[in-house]
Amino acid sequence: MTSTGPLAPRLPSPLQEVRDGRFARRGLRLLLKRDDLIHPELIGNKWRKLVPNLAASRGRELVTFGGAYSNHLRATAAAGRLLGVPTVGVVRGQELADRPLNPSLARCAADGMRLHFVDRSTYRRKSEPETLAALLRACGAEDAYVVPEGGSNAEAVRGCVALGEELCGRAGTVAVACGTGGTLAGLAAGLASGQRALGIAVLRGGFLADDVQRLQERAFGARTGTWSVDDRFHCGGYARTTPELEAFAGDFEQRHGLPVERLYVAKLLLGLVTLAEEGAFARGTAIAAVVTGRPFPEPAEPPLPEGRPG
């Protein structure tokens, strides 16, 4: 499934050095790990997380979860189309059912995904066994393979170990934007001794470090690798941006000619620039930033304070 056929990836993804004075004047190097180039439709960490789950599903129908602008829903729908596997997307927000589909959900539907809208209270309880069973019945997908929100489970974490392995010896710190934490959990496990992984949380709440540890325990039996999470750069929460973030991303694009995805990658890069200015990295450190996505044409779903990413 991974080496040939419609999901054939470009691996290892390219590692591109960019010359940025904000790092250079502190004796630092900035490298971009271009996971956004792995596959044209399963972008970045979505390929690394979904492919192990697709293998585990053995061709069964897939049910997964996300918000109205979920990158994960779009990637799952695209994978289903490419492989001929039926997909169902459980979408947060019953109120969306009677509205025209936004461009993100329209893309999912065009790829053959059946959309099932649920109220936000039910959505928050989707991991409870009784609620999940009721949702599967309501979708007519009781025998489906369930992929969690954001695609983060033990299979996905083990799939992301290769990301760390591709960066062994290439950077002292490897940083990634985090929504559900699966990429950070696997990345940290794949790095060599002496390297550290840094997660930049894209939503507020302060729960992500605990989530990452739980994911590692499920995947490997224990906390693994050297890693930490910085919660300061969410810019108000998941799917939120600020004028300052927009200005920063636009400036980065002009400096380096790289389109910057706003909800994850821009927050990652902002965090790294700020940390460099704070003296968080020793001189001589190479910092690799994992580019996990590229811009989608439309704005993000207005978030709720308690919302989690999709």
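All values below were derived from every heavy atom in this structure, side-chain atoms included, with hydrogens, water molecules and symmetry-related copies excluded.
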For this session: Answer yes or no: is there an ion pair linking Arg255 with Asp251, defined by an N-O contact shorter than 4.0 Å?
Result: yes

Exercise. Between Arg125 and Glu130, is the closest basic N to carboxylate O distance under 4.0 Å?
Worked result: no

For this session: Considering non-hydrogen atoms only, spot the tightest contact between Arg25 and Arg283 and give its length.
Result: O-NH1, 3.6 Å

Exercise. Asn102 side chain to Ala68 main-chain N or O, any donor-acceptor pair under 3.5 Å?
Worked result: yes

Problem set entry | 4.5 Å side-chain heavy-atom contact, Leu7 and Leu82 | yes

For this session: May I ask whether Ile287 and Leu187 are part of the same hydrophobic cluster, defined by side-chain heavy atoms of I, L, V, M, F, W, Y residues being less than 4.5 angstrom apart, directly or through others?
Result: no

For this session: Can you see which heavy atom on Ala177 is nearest to which on Val202, and at what distance?
Result: CB-CG1, 3.8 Å

For this session: Identify the residue among Leu245, Val260, Ile200, Thr242 that makes a side-chain contact (heavy atoms from CB on, under 4.5 Å) with Leu270.
Result: Leu245

Exercise. Where the side chain of Lys46 meets the backbone of Ala75, is there a donor-acceptor pair that is under 3.5 Å apart?
Worked result: no

Problem set entry | Under-4.0 Å salt bridge between Lys126 and Glu149 | yes

Problem set entry | Salt bridge flag under 4.0 Å for residues Glu253 and Arg262 | yes

For this session: Give a yes or no on whether the backbone of Thr131 and the side-chain of Glu128 come within a donor-acceptor separation of less than 3.5 Å.
Result: no

For this session: Over all heavy atoms of both residues, which pair between Ser152 and Thr180 is shortest? Give the atoms and the distance, please.
Result: OG-OG1, 2.7 Å

Problem set entry | Contact check, side chains of Cys235 and Lys267, non-hydrogen atoms, under 4.5 Å | yes

Exercise. Do Lys33 side-chain atoms and Pro14 backbone N/O form a donor-acceptor pair below 3.5 Å?
Worked result: no

Exercise. Can you check whether Val51's main-chain N or O pairs, donor with acceptor, with Glu155's side chain at less than 3.5 Å?
Worked result: no

Exercise. Is a salt bridge present between Glu278 and Arg232, judged by a nitrogen-to-oxygen distance below 4.0 Å?
Worked result: yes

For this session: Could you check Asp20 against His256 for side chain to side chain contact (heavy atoms under 4.5 Å, CB included), going step by step and ending with a plain yes or no?
Result: CA-CA 8 Å; Asp20 192 305; His256 304 298; 2.9 Å; yes

For this session: Verify the cluster assignment for Ile38 and Leu54: are they in a single hydrophobic cluster under the rule of side-chain heavy atoms below 4.5 Å apart?
Result: yes

Exercise. Using 4.0 Å as the upper bound for N to carboxylate O, is an ion pair formed by Arg114 and Glu61?
Worked result: yes

Exercise. If you measure only the distance, is there a donor-acceptor pair under 3.5 Å linking the side chains of Thr173 and Arg196?
Worked result: yes

Exercise. Under 6.0 Å from the CZ atom of Arg170, do we count more than 12 heavy atoms belonging to anything else shown?
Worked result: no

Problem set entry | Thr285-Arg29 side chain donor-acceptor pair, cut-off 3.5 Å | no

Problem set entry | Heavy-atom side-chain contact between Val88 and Leu62 under 4.5 Å | no

For this session: Could you walk me through whether Phe281 and Leu272 pass the side chain to side chain contact (heavy atoms under 4.5 Å, CB included) test, one step at a time?
Result: CA-CA 10 Å; Phe281 307 109; Leu272 291 178; 4.0 Å; yes

For this session: Using modelled atom types only, decide if a donor and an acceptor are shared between the side chain of Glu246 and the backbone of Phe248 within a distance under 3.5 Å.
Result: no

For this session: Assess the side chains of Gln216 and Arg223: does a donor N or O sit below 3.5 Å from an acceptor N or O?
Result: no

Problem set entry | Residue pair Phe117 / Val90, side-chain heavy-atom distance below 4.5 Å | no

For this session: Return yes if some donor-acceptor pair links the side-chain N/O of His39 with the main-chain N/O of Pro6 below 3.5 Å, else return no.
Result: yes

Problem set entry | Short side-chain donor-acceptor distance under 3.5 Å, Glu41 and Trp47 | no

For this session: Could you pull out the closest heavy-atom pair between Ala56 and Tyr145, with the gap in Å?
Result: CB-OH, 3.5 Å

For this session: Taking the side chain as every heavy atom from C-beta outward, state whether Glu95 and Asp119 have any pair of such atoms under 4.5 Å apart.
Result: no

Exercise. So which heavy atom on Leu28 is nearest to which on Ala282, and how close?
Worked result: CD2-O, 3.2 Å

For this session: Report yes or no: do Asn153 and Asn53 form a side-chain donor-acceptor pair below 3.5 Å?
Result: yes

Exercise. Are Thr64 and His72 close enough, and set up right, to give a side chain to side chain contact (heavy atoms under 4.5 Å, CB included), and what steps lead you there?
Worked result: CA-CA 9 Å; Thr64 194; His72 170 67; 2.6 Å; yes

Seminar exercise, completed: When every non-hydrogen atom of Val290 is compared with those of Leu268, the smallest separation belongs to O-CD2, 3.4 Å

Exercise. With a cut-off of under 6.0 Å to the ring centre and 45° to the axis, is Arg92 in cation-pi contact with Tyr123?
Worked result: yes

Exercise. Going by atom types alone, do Ser13 and Asp35 pair a side-chain donor with an acceptor below 3.5 Å?
Worked result: yes

Problem set entry | Test item: Arg22 side-chain N/O and Val273 main-chain N/O as donor-acceptor pair under 3.5 Å | no

Problem set entry | Close side-chain approach of Leu163 and Arg48, heavy atoms under 4.5 Å | yes

Exercise. Would you call Asp143-Arg60 a salt bridge at under 4.0 Å N-O?
Worked result: no

Problem set entry | Pair Arg74, Asn71: side-chain N/O donor-acceptor within cut-off below 3.5 Å | yes

For this session: I would like to know whether Val118 and Leu135 meet side chain to side chain contact (heavy atoms under 4.5 Å, CB included); could you show each step before the answer?
Result: CA-CA 9 Å; Val118 300; Leu135 285 171; 3.5 Å; yes

